[in-house]
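Notes follow the structure.
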Amino acid sequence: SLQQIFYGAPGTGKSHIIKEQTKGEDVIRTTFHPDTDYSTFVGTYKPTTEFAPVLAIIGDKAVETGREEKRISYEFVSQAFLQAYVAAWKKVAEAKGGMPKKQFLVIEEINRGNCAQIFGDLFQLLDRNDYGYSDYPIQADADMQKQLKRLFGGVGIENAESINALYDGRDIVKEVLSGEVLLLPNNLYIWATMNTSDQSLFPIDSAFKRRWDWKYIPIDTRKEQWNIVVEGVKYSWSSFLEIVNNRIFRATTSEDKQLGFYFCKAENKEVWAEKFVSKVLFYLWNDVFKDYDEGDSIFKDADSKPMPFSEFFNPDGSINEVNVTKLLTALKVENLDVKQTATTENGQGE
């Protein structure tokens, strides 16, 4: 798919999937955030420092003194979109009429920015025809036109006629290479990731959504054999995920806040108590269960006594692993050490 958004719960491996599927390809990656705008995504004039010779006036002539000084100048700087756009068209030229090499533009966390503001008039380019080119080319502004004309200097496309034929014979390729218009080529892939659980972010309107293909990445709790290590005892990470995600769905009637397998990173397949409390339990406490009835909360001991988040810490700030064990026991998370002992004893009995 030329334009697709990989979406799902946090930690499902969306970025990893894109990384695997684009291995060996040319990729330009960017991340959207609330301060991202058109200029930081496409390009803008920026001040740059350059060294210039110091001149001395002798009579009516300017003579170089052999010294240089720093000066501030302004130049148009291409950002992620224009970098990928120019690279893609150059690949079309290099293909000499054959199949051009793919160029990927990967946008991480696409819903963390205001897409309407960031894409601006580029929004129109996202409509592609059956051949993968933009249906509706747009005019480039004067500054961008100068930049594109410079970057496309000396570039020629052998199969220009076949591309022009898609636009009723209009010499669209000449307009593209002169920087007059913007038009996405069929080798420019724009892929993005989106966490469905992110809060206080900009909504994506339906007109924008329909221009993308959507790839849902489900939660796979059995990807690997990871352990949660508390008080030297190993508990199954997969068992924990299955139990907690079920409780999250019961409380919220939504999958958006559930945990993906890679919600946190294990060290040698082990999630230690410090990371488990500070990253996993904190998320569950702060972003999931605090807004729901106490009866839906997972934060209880075996006697159904509520466990405030502060109880997972000792007075000195270290992790209170005893209480973490109480929580895991109350949730009936699989104790791998007990299971191993039982298996060994049964084997010896046989």
Just list the side-chain donor-acceptor pairs under 3.5 Å for residues 308-325, sequence neighbours left out, or say none.
| residue | atom | partner | partner atom | Å |
| --- | --- | --- | --- | --- |
| Asn314 | ND2 | Ser318 | OG | 2.9 |
| Asn314 | ND2 | Ile319 | O | 3.2 |
| Asp316 | OD1 | Ser318 | N | 3.0 |
| Asp316 | OD1 | Ser318 | OG | 2.6 |
| Asn320 | OD1 | Val322 | N | 3.2 |
| Asn320 | OD1 | Asn323 | N | 3.2 |
| Glu321 | OE1 | Glu231 | N | 2.5 |
| Asn323 | ND2 | Glu311 | O | 2.7 |
| Thr325 | OG1 | Glu231 | OE1 | 2.6 |
| Thr325 | OG1 | Glu321 | O | 3.0 |

Contact list for residues 262-284, test salt bridge (charged side-chain N to carboxylate O under 4.0 Å, His left out), sequence neighbours left out: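 Passing the test, one end in residues 262-284: Lys234-Glu270.
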
Can you tell me which residue pairs pass the salt bridge (charged side-chain N to carboxylate O under 4.0 Å, His left out) test with a partner in residues 79-101, sequence neighbours excluded?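 Sorted result for residues 79-101: Glu25-Lys101, Asp26-Lys91, Asp26-Lys101.
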
Keeping to residues at least two apart or across chains, list the side chain to side chain donor-acceptor pair (under 3.5 Å) pairs with something in residues 213-223.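 Residue pairs passing side chain to side chain donor-acceptor pair (under 3.5 Å), neighbours aside: Ser1-Asp213, Tyr216-Glu255, Thr221-Glu242, Arg222-Glu242.
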
Tell me, which pairs form a side chain to side chain donor-acceptor pair (under 3.5 Å) where one or both residues lie in residues 128-141, sequence neighbours left out?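 Residue pairs with at least one partner in residues 128-141: Gln3-Arg128.
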
Suppose clustering is done on Ile, Leu, Val, Met, Phe, Trp and Tyr with side-chain heavy atoms closer than 4.5 Å. Which residues sit in the same group as Val229?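 Trp272, all in the cluster of Val229.
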
Can you sort out the partners of Tyr189 under ring pair (Phe, Tyr, Trp, His ring centres under 6.0 Å), two or more places apart, ordered by chain and number?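 By the ring pair (Phe, Tyr, Trp, His ring centres under 6.0 Å) rule, Tyr189 matches Phe104.
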
Who are the ring pair (Phe, Tyr, Trp, His ring centres under 6.0 Å) partners of Phe81, not counting sequence neighbours?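 Phe41, Tyr85.
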
Does Glu20 have any salt bridge (charged side-chain N to carboxylate O under 4.0 Å, His left out) partners at least two apart in sequence or in another chain, and if so, which?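 Counting only residues at least two positions away or on another chain, Glu20 forms a salt bridge (charged side-chain N to carboxylate O under 4.0 Å, His left out) with Lys23.
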
Trp237 side chain to Ala266 backbone, donor-acceptor under 3.5 Å: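 No, the answer is negative, given that no donor and acceptor are paired below the 3.5 Å cut-off.
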
Main chain of Lys257, side chain of Tyr283: is a donor-acceptor contact present, judged purely on distance under 3.5 Å?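 Judged by distance alone, yes, a pair lies under 3.5 Å.
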
Acceptor/donor pairs from residues 118-127 side chains to any protein atom, 3.5 angstrom cut, sequence neighbours excluded:
| residue | atom | partner | partner atom | Å |
| --- | --- | --- | --- | --- |
| Asp121 | OD1 | Tyr38 | OH | 3.3 |
| Asp127 | OD2 | Arg211 | NE | 3.4 |
| Asp127 | OD2 | Arg211 | NH2 | 3.0 |

Output side-chain donor-acceptor pairs under 3.5 Å for residues 154-163, partner residues at least two apart or in another chain, one line each.
| residue | atom | partner | partner atom | Å |
| --- | --- | --- | --- | --- |
| Ser162 | OG | Asn159 | O | 2.7 |

Considering residues at least two apart in sequence or located in another chain, which fulfil the side-chain hydrogen bond (donor to acceptor under 3.5 Å, both in side chains) criterion with Glu175?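 By the side-chain hydrogen bond (donor to acceptor under 3.5 Å, both in side chains) rule, Glu175 matches Arg170.
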
